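Note sheet for the following structure.
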Amino acid sequence: MPAATRSPTLTSTQITEYAEERGMRVLISGGGIAGPALAFWLHRAGAEVTIVERAPEPRPGGHAVDVRGAARGVVERMGIRDAIRTHQVDERGWAMVDARGKRLGAMPADLFGGEGIVAEIEIARGDLARILYEATAADVDWRFGDQVTDLTPEGDVFFAGGRRERYDVVVGADGVRSGVRKLAFGPHREFVQPLGAYGSYFTVPDPGDLDNWFEMYNAPGGRVAGIRPERGGTAKASLSFRTKEQYGRLDRAQQIALLSAKFDKVGWRVPDLLRAMPDAPDFYFDEVSKVTVERWARGRVVLLGDAGYCGTPLAGMGTSMSLVGAYVLAGELAAAKTPEEGFAAYQREMADYVAEGTQLPPGGVEMFAPNGRFMIRLRALSMRMMGVWPMKGMVEKQFTKAEAITLKDYGQLRTQMSNG
């Protein structure tokens, strides 16, 4: 890799020999979803791949993520669909409830062909990350507990652990606050747009009465609480709130104290969630932000997933864009004569899909977390109308964006996969 021709008739031996001749070495920063998915495909294209991940091991837990549209085709081609099915979360749909738990509106999982707010394929982020790790562990050089600290235009990479190595391609797949992006492209403020809200999620005991539904409660003041079922007797809680303030870096205790104050005297299940929050093993808190980078490559560095394009969890496409982006980036690099040519083709192939996938739903954060009771009632009404024409037709367009790309059959990847 890169291949000498775009012909899909190259044999696996020819591809591997060409890769070895060129000595293509790829470093991926980030061992979540996008990074190992890319490594999976790059290995099959003959590249020598290293993943550096600052966590000491694959991160467990995490909120439920979904695999939508074209991303379903990617996991099928990877051969991990059965593993995902084994760990899949059984969610029957999403419901908006009032303070007494009465449903104000609901969207069954099959309402929009499995592409609604709750998708047909839902899996805990940690479970998907573990599946991808296991799919690459034997073929990829995984380095946990380390991270990139500096880069040079020539491809030299400096690591926190003291290494200095040279790579042909460096991939930033390290999330919204990508360290690689900061080093190669510039400060976060140039690419990360705060949307005036903060969100948190954490594991709690399953209350036992969810009946496999994801429930969400809106309280005045732009506050949103949710709970969704998991496997193994637990559930995932979420607490979000709108604010004009930016809190900067807070430690865990400060984050918990802030959420406790914001959700004080909020009814529904919130008191139970607040009591469980301090002991949660996977407590997560962050600002709700959108990432926009005009060009995803600079020199030898290219961005993938949330590091280059993120529409926030409200857009609901982060995991799918990461999986599709990994497949396309690997395929275009394998087909190109130079990494720069591959980067440009990757941008062209993904541009429209990413533009669709990063669009927020109608109303954005304001509709997700209304401030006043009138807007909360309006949100509930819109929920009840989603399954009824003509609104159903209009809403359906929002959920078809996951199909806004046709996956190419990259011969180099397909040949390797069929002989792997």
Side-chain angles (χ1 to χ4, degrees), residues 1-4 14-32 34-56 132-133 136-175 177-187 191 293 295-305 307-308 325-347 412-413 416:
M1 154 181 201
Q14 288 173 318
I15 295 172
T16 302
E17 288 176 350
Y18 190 80
E20 293 174 350
E21 177 185 343
R22 293 295 298 271
M24 175 62 71
R25 302 185 71 222
V26 180
L27 174 71
I28 300 171
S29 176
L38 176 64
F40 176 96
W41 293 113
L42 287 177
H43 169 71
R44 278 148 182 75
E48 178 187 338
V49 186
T50 297
I51 296 178
V52 60
E53 166 57 51
R54 66 180 182 177
L132 291 169
Y133 169 73
T136 56
D139 305 313
V140 172
D141 179 14
W142 276 84
R143 299 179 186 173
F144 290 101
D146 205 353
Q147 61 183 316
V148 176
T149 58
D150 204 359
L151 301 166
T152 71
E154 295 76 27
D156 290 316
V157 181
F158 298 80
F159 297 90
R163 293 174 182 257
R164 174 180 177 174
E165 298 178 357
R166 176 165 291 193
Y167 293 89
D168 300 292
V169 172
V170 178
V171 183
D174 44 353
R177 289 171 180 78
S178 165
V180 166
R181 188 189 63 224
K182 183 178 180 181
L183 290 169
F185 289 71
F191 310 104
V293 182
R295 304 300 301 177
W296 304 327
R298 186 168 295 183
R300 295 172 183 257
V301 179
V302 64
L303 303 177
L304 174 66
Y327 175 77
V328 173
L329 177 56
E332 295 298 344
L333 282 173
K337 295 179 180 179
T338 66
E340 292 78 10
E341 180 183 314
F343 297 159
Y346 159 61
Q347 180 105 25
Q412 292 85 344
L413 303 185
Q416 285 289 323

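We use all heavy atoms of the structure for the numbers below, so side chains are in, but hydrogens, waters and symmetry mates are not. Quick caveat: nothing in here was measured; it's all calculated off a predicted structure.
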For a quick test of reading the model, state the closest non-hydrogen atom pair linking [X] to [Y] and the distance between them.
| X | Y | result |
| --- | --- | --- |
| P339 | M24 | CG-CE, 3.9 Å |
| V26 | V171 | CG1-CG2, 4.0 Å |
| G305 | A34 | CA-CB, 4.5 Å |
| L151 | A184 | CD1-CB, 4.1 Å |
| G31 | P36 | C-CD, 3.8 Å |
| D146 | V52 | O-CG2, 3.3 Å |

**Item:** R177 atom CZ, over 12 foreign heavy atoms within 6.0 Å
**Value:**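 Enclosed: over 12 neighbouring heavy atoms sit under 6.0 Å from CZ of R177.
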From [X] atom [atom1] to [Y] atom [atom2], the distance as rounded to the nearest 0.5 Å:
| X | Y | atom1 | atom2 | value |
| --- | --- | --- | --- | --- |
| R163 | R143 | CZ | CZ | 4.0 Å |
| R25 | T50 | CZ | OG1 | 6.0 Å |
| L329 | W296 | CG | CH2 | 10.0 Å |
| F191 | L303 | CZ | CG | 8.0 Å |
| R300 | E154 | CZ | CD | 7.5 Å |

Donor-acceptor pair, side chain of [X] and main chain of [Y], under 3.5 angstrom:
| X | Y | result |
| --- | --- | --- |
| R181 | G308 | no |
| T136 | Y133 | yes |
| R54 | Q147 | no |
| E53 | A55 | yes |
| D174 | G179 | yes |
| Q347 | R295 | no |

Evaluate the side-chain proximity of [Y] to [X]: yes if any heavy-atom separation is below 4.5 Å, no if none is.
| X | Y | answer |
| --- | --- | --- |
| V169 | Y167 | no |
| L27 | V148 | yes |
| L333 | F343 | yes |

